[in-house]
Amino acid sequence: MKLLCDMHTHTTYSHGKNTIEEMVEQARALGLRAIVISDHGRSHPMFGVRRKNFEKMRREIDALNEKYNDIEIYLSVESNITGADGSIDIGKEERQYCDWIYAGYHYGYIPASVKDVFRFAIRNYLTVVFPFMKEKTRKVNTRTYLEMMDRYELKMITHPGDKLPVDIEPIAKKAAEKGVILEINPRHSHLNSEELKIALKYNVRFAVNSDAHSVQALGQVQGAAAIIKKAGVPYERIVNIEE
Ligand SMILES: [Zn+2]
Ligand SMILES: [Zn+2]
């Protein structure tokens, strides 16, 4: 399994340990054809990219693309899912400066509205403690993912179903319709091989990414090989690897 493009990486603009340039240097050393810088969405008070930094990141990336012709560098953002209605923390800067947008669920973001504090954020925290809530929460979350794909043009959903229960089947179906890539992320336990088997029924594409927060972790996706094998995912369904 050869990784061609690491589509999900973090830098010092959120809580990664290395700069964009250091990540790009490492990607070149690994022989990757492309790298996508995808720091966290702005609504995370600790990790989110400051609004003013998108322009700066864009300039840095444009300069590196000029400098190197052996790698392509893209700018994205791993926006946070912030509301039960599928809201994500995307504003003018992300649309203006990013090549495309991802979305994923994380802890610690600021919910889209006061209502979302209760019906979405707290609901998902409580579900961890009270398993009886899981089925209802799963329904709410699944609808959130579906609405999000209707509302936004997304390139990829990062670690779908991680930190919150979802029903992968309708999500995979919608992702196939909308052309949204579902991520296989060895740093997280979702998608797992059971979910992948269900998702495979639909014409959805996948990507394997490191979600690296340092140069050492960049391109390190070996952990995904066993999941892919167990689920029987054909390599041609994964957009960024070669056999
Ligand atoms: Zn994430
Ligand atoms: Zn990430």
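Note that the numbering runs from 1 along the sequence shown for the chain. When a ligand or atom number is given, it counts from 1 through the structure's own listing order.
- A cation-pi arrangement is present between Arg28 and Tyr68, with the terminal nitrogen or guanidinium carbon under 6.0 Å from the aromatic centre and inside a 45° cone about the axis.
- Screening His44, His40, His106 for a ring-ring contact (aromatic ring centres under 6.0 Å, His included) involving His10 leaves a single residue, His40.
- No other N/O/S atom of Asp211 lies as close to the Zn ion (ligand 2) as OD1 does.
- Counted by atom type alone, Thr82 and Asn80 present zero donor-acceptor pairs between their side chains at under 3.5 Å.
- Taking the six-membered ring wherever Trp is involved, the centroid distance between the rings of Tyr105 and Phe120 falls below 6.0 Å.
- For the Zn ion (ligand 1), the N/O/S atoms of Glu78 include one lying under 2.8 Å.
- Distances from the Zn ion (ligand 2) to the N/O/S atoms of His10 are shortest for NE2.
- Considering all non-hydrogen atoms of both residues, Arg138 and Val166 come closest at NH1-O, 3.3 Å.
- Under 2.8 Å from the Zn ion (ligand 2) lies an N/O/S atom of His8, whether from backbone or side chain.
- Here His106 reaches the Zn ion (ligand 1): one of its N/O/S atoms is less than 2.8 Å from the metal.
- The Zn ion (ligand 1) has an N, O or S atom of His159 inside 2.8 Å of it.
- Residue contacts to the Zn ion (ligand 2): His213 brings no N, O or S atom closer than 2.8 Å.
- Using modelled atom types, one finds a donor on one side chain and an acceptor on the other under 3.5 Å when comparing Asn185 with Glu183.
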